[in-house]
Amino acid sequence: MSATEKLRELGIVLPELQIPKAAFRPYVFDENTLIVSGQLPLLDGSPVSVGAVPETVSVEQAKEAARRCAINILAWVKKACGGDLDRVARVNRIGGFVVTSPGYANAPEIINSASEIFTSVFGEDGQHARIAIGVASLPLGVPVEVEATFTVHRLE
């Protein structure tokens, strides 16, 4: 089953994204490596939640935020690959950052939700290395940010 068919089966709709005017790029290629900048849990340009886990953002809300980050990453991958997610050969690594309340030490539980999106869409090729760490703050006050690196088949 193609990645696009898998997304459809999972009920995931990727947002349409525009390259922002910023001091960085949302993605870059290095040979067959696609690096996607950290993505925030934005839906229609607004954060799905703000605050620290679990003090002001529940674990479930943070997991949903991590899923939204992964969906936004996939949207950039699709754009980078000319609309063809099947050019993804492998998800190599994801990095996940979770704003945590003092004493909360389970950022990996939150980032698992992003990992599960990639393995659900790409199967065995979606299995990846990962880091998941707690941090003091993230842009816009969001609770989660996720970045990712992929191997892709380049167009000839």
Side-chain angles (χ1 to χ4, degrees), residues 1-49 53 62-100 106-156:
M1 179 179 298
S2 75
T4 300
E5 291 169 335
K6 193 63 177 173
L7 284 172
R8 193 173 307 117
E9 180 181 277
L10 295 167
I12 296 173
V13 177
L14 300 181
E16 292 292 324
L17 303 172
Q18 299 298 318
I19 303 288
K21 292 180 180 174
F24 67 94
R25 302 288 293 176
Y27 62 85
V28 295
F29 277 105
D30 180 15
E31 299 294 328
N32 288 27
T33 301
L34 173 62
I35 302 163
V36 180
S37 296
Q39 295 300 300
L40 303 178
L42 302 179
L43 181 61
D44 298 326
S46 297
V48 296
S49 56
V53 181
K63 287 179 177 182
E64 180 54 38
R67 284 188 284 275
R68 175 52 48 191
C69 291
I71 289 166
N72 291 342
I73 286 170
L74 290 174
W76 283 118
V77 171
K78 181 178 177 181
K79 187 167 193 74
C81 291
D84 185 4
L85 281 175
D86 291 323
R87 287 180 49 204
V88 172
R90 170 162 235 28
V91 180
N92 296 323
R93 178 189 181 277
I94 72 168
F97 308 90
V98 180
V99 177
T100 57
N106 208 357
E109 174 186 15
I110 305 305
I111 301 305
N112 281 345
S113 295
S115 291
E116 290 164 359
I117 292 285
F118 297 118
T119 55
S120 293
V121 172
F122 298 111
E124 188 175 310
D125 293 332
Q127 296 176 0
H128 52 271
R130 186 182 88 182
I131 187 169
I133 59 174
V135 297
S137 68
L138 289 169
L140 305 178
V142 299
V144 181
E145 182 171 358
V146 180
E147 63 178 5
T149 304
F150 300 81
T151 300
V152 297
H153 302 291
R154 292 295 299 251
L155 293 175
E156 297 302 321

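Computed from heavy atoms alone, side chains included, the values below leave out hydrogens, waters and symmetry copies.
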Shortest non-hydrogen contact between [X] and [Y], atoms and distance:
X: L14; Y: I71; answer: CD2-O, 3.5 Å
X: A65; Y: S49; answer: CB-OG, 4.1 Å
X: R90; Y: E124; answer: NH1-O, 3.6 Å
X: A107; Y: G134; answer: CB-N, 3.9 Å
X: L34; Y: C81; answer: CD2-SG, 4.5 Å

Walk me through whether V91 and T119 qualify under side chain to side chain contact (heavy atoms under 4.5 Å, CB included).
CA-CA 9 Å; V91 180; T119 55; over 6 Å; no
So does [Y] get a backbone contact from the side chain of [X], meaning a donor-acceptor N/O pair under 3.5 Å?
X: R67; Y: A114; value: no
X: D86; Y: T4; value: no
X: D125; Y: V88; value: no

Can you find a pair of side-chain heavy atoms, one from [X] and one from [Y], that are under 4.5 Å apart?
X: L10; Y: V121; value: yes
X: P15; Y: N72; value: yes
X: P20; Y: P26; value: yes
X: I12; Y: I117; value: yes

Verdict with supporting geometry, V98 and I133, side chain to side chain contact (heavy atoms under 4.5 Å, CB included)
CA-CA 6 Å; V98 180; I133 59 174; over 6 Å; no
From the options I111, V36, I73, select the one residue that forms a side chain to side chain contact (heavy atoms under 4.5 Å, CB included) with I94.
I111
State which residues pass side-chain contact (heavy atoms from CB on, under 4.5 Å) with L43; sequence neighbours excluded, sorted by chain then number.
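For L43 the side-chain contact (heavy atoms from CB on, under 4.5 Å) partners, ignoring immediate neighbours, are V48, R68.
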Do E16 and K79 sit within salt-bridge range, that is, some charged N less than 4.0 Å from a carboxylate O?
no
Around K63, counting heavy atoms of other residues, nucleotides and ligands shown, do more than 12 lie under 6.0 Å from its NZ?
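For K63, atom NZ is crowded (more than 12 foreign heavy atoms under 6.0 Å).
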If you measure from [atom1] on [X] to [atom2] on [Y], what distance do you get to the nearest 0.5 Å?
X: L7; Y: L85; atom1: CG; atom2: CG; value: 6.0 Å
X: R8; Y: E5; atom1: CZ; atom2: CD; value: 6.5 Å
X: R87; Y: H153; atom1: CZ; atom2: NE2; value: 9.5 Å
X: L138; Y: C69; atom1: CG; atom2: SG; value: 9.0 Å
X: E64; Y: S113; atom1: CD; atom2: OG; value: 8.0 Å

Inter- and intrachain pairs under side chain to side chain donor-acceptor pair (under 3.5 Å), touching residues 25-39, at least two apart:
Q39-W76
Quick one: side chain to side chain donor-acceptor pair (under 3.5 Å) pairs with a partner in residues 127-145, sequence neighbours left out?
N112-R130, S115-H128, S115-R130
Would you sort out whether F97 and V144 count as a side chain to side chain contact (heavy atoms under 4.5 Å, CB included), showing the intermediate values?
CA-CA 6 Å; F97 308 90; V144 181; over 6 Å; no
What do the steps show when you test F29 against F150 for side chain to side chain contact (heavy atoms under 4.5 Å, CB included), and what is the final call?
CA-CA 9 Å; F29 277 105; F150 300 81; over 6 Å; no
